[in-house]
Number of protein chains: 2
Amino acid sequence: MKRIADSTVRRLSIYLSFLEEIEAHGVLTTSSDDLARLGGTTSAQVRKDLSFFGSFGKRGLGYSVPELSSALREILGLGRQWRVCIVGVGKVGSALARYAGFAERGFNVTGLYDSDASKVNHRSVGVVIRSTDDLERDIRAGKYDIAVITVPAENAQAIVDRLVKAGMKAILSFAPTQLTVPEDVELRTVNMAMELEALTFALTNRS
Amino acid sequence: MKRIADSTVRRLSIYLSFLEEIEAHGVLTTSSDDLARLGGTTSAQVRKDLSFFGSFGKRGLGYSVPELSSALREILGLGRQWRVCIVGVGKVGSALARYAGFAERGFNVTGLYDSDASKVNHRSVGVVIRSTDDLERDIRAGKYDIAVITVPAENAQAIVDRLVKAGMKAILSFAPTQLTVPEDVELRTVNMAMELEALTFALTNRS
DNA sequence: CTAACTTTGTGAAGAAATTCACAAGCTCCG
DNA sequence: CGGAGCTTGTGAATTTCTTCACAAAGTTAG
């Protein structure tokens, strides 16, 4: 299969969130033009994005909302449950563990890890916090599909290296630092500093 | 000036964070090759990115770390203080208000707003929480350069519309929903759902 | 059934971003 | 001082992404 661009995947997420919204309002059909308007792109882009995966619409009519949203969920891999562990149960980590939207989308936080001995064996949102010493063992046992790391920047690469070595293939990092992983590991980083800098750049250079 | 691509600005942030790191370790010079290796790109890309803004290196030698990092700070608009307000003092909002890295980079959280009357007039991190009713007045008074919104998805667009109408030009949203703003307003969204979906897409389609 | 009207799906064209490749400039060493 | 050795800065080539534009296919009205 042709390599799908990152930007395409992002847009699919956006389309899906609209489809779910209008589906909840009982809308039955929509068009590439609607999706484009709401998603801030063009109708040609919407159709091109979808065309990588097949043909979902009816000419002259548009798309069936339930059909297309279901297809997108399948494409994005949301048609199943994912077992997620969170490494680093600080402010951000516990906020994430508590986040309801997580479970709704099929992401089950089934493991919490922290290196702070005073937190270990306590519970957060009904899940026992384990020592990071147990990480490798649990990952090797195949307990998780995705790891979310919310540890300080200075520990992040070390944790990532351990996760990767133990066989983790998908990592979402909230550490404000650039991380390196092998080609076959999927890493995404949520970096607020970078987003703020994009804002200040715009304010400084485009006004 | 030629329009600078978003991807370029992102990379500049990455370069800067490395430069600051090695600067702290006393490293005095570096090369496009070093920056490329650490930032996961190519040396030609690094040089091209920098070339949009001028000529910062010495042929045969590379870049002066202090000079280049200072130049990048200036380019990214980090050479000054920015006044930030946070709208929505829930879990995420108060975690952000507390975040130390914020102030280090010149971002001063000087205003907190919430619509929940039971929070108003209480303090968080030394800042009094005001009612969102006061938002327009304070923005019009020019109190803030940047607004960070951490409100529920369903309220986000309404808040953004109010911010924009009152004259806010830069907004960072943590609401998991697509938002619309006029052309002259810079909006960035941190959307964890989207990042997770990029991961599950990769796990589903590339393995 | 036919004609007018929609909207998709997709090659082709165009634009944008990345990579190549090399001349130009600087340092260092003998 | 001159030549060998680096590394930058940048046009040109290439690749990737987006937009255009239109045939194909369906719908609706008469």
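So you know, we letter chains A, B, ... as the sequences are listed, proteins then strands, and number each from 1. From a predicted model like this one, the values you see are computed outputs, not experimental measurements.
- Here Y63(A) does not reach the OP1 or OP2 of dT6(C): none of its side-chain N or O atoms lies under 4.0 Å away.
- Summarising the geometry, the separation between CG on L50(B) and P on dA17(C) is reported as 17 Å, rounded to the nearest angstrom.
- OP1 and OP2 of dA17(C) both lie 4.0 Å or more from every side-chain N or O belonging to S7(B).
- Rounded to whole Å, the distance from CG on D49(A) to P on dT10(C) is 13 Å.
- Between S43(B) and R11(A), the residue anchored nearer the 5' end of DNA chain D, judged by the nucleotide with its closest heavy atom, is S43(B).
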Under 3.5 Å, N/O pairs linking protein and nucleotides 26-30 of chain C:
unit_1, atom_1, unit_2, atom_2, d
dC26(C), O4', R59(B), O, 3.3

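- Rounded to whole angstrom, the span from the CZ atom of F52(B) across to the P atom of dA16(C) amounts to 12 Å.
- Close to dT19(D), at under 4.0 Å from its OP1 or OP2, lies a side-chain N or O of Q45(A).
- For S55(B), a side-chain nitrogen or oxygen approaches OP1 or OP2 of dG9(D) to under 4.0 Å.
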Pair D161(A)-Q157(A), side chain to side chain donor-acceptor pair (under 3.5 Å): steps then yes or no: CA-CA 6 Å; D161(A) 291 344; Q157(A) 184 67 58; 2.8 Å; yes

Go through D145(B) and R80(B) one step at a time and tell me if the salt bridge (charged side-chain N to carboxylate O under 4.0 Å, His left out) criterion holds. CA-CA 11 Å; D145(B) 304 302; R80(B) 51 162 285 190; 3.2 Å; yes

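- Note: CZ (F56(A)) to C1' (dT7(C)) measures 17 Å, nearest angstrom.
- Rounded to an integer number of Å, the gap from F53(A) CZ to dG9(C) C1' is 15 Å.
- When rounded to the nearest whole Å, the span between CZ of R10(B) and C1' of dA16(C) equals 17 Å.
- Using cut-offs of 30° and 60° for the angle between ring planes, the F107(A) and F102(A) rings count as tilted.
- At a cut-off of 3.5 Å, with distance as the only test, no side-chain donor of Y63(A) or D34(A) sits close to an acceptor on the other residue.
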Shorter than 3.5 Å, N or O on both sides, protein versus nucleotides 20-22 of chain D: list them out with atom names.
unit_1, atom_1, unit_2, atom_2, d
dA21(D), N6, R47(A), NH2, 3.3

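- The nearest whole Å value for the distance from the CG atom in D6(A) to the C1' atom in dA16(C) is 17 Å.
- A heavy atom closer than 4.0 Å to some atom of DNA chain D occurs in S31(B), S32(B), these being the qualifying members of residues 29-38 of chain B.
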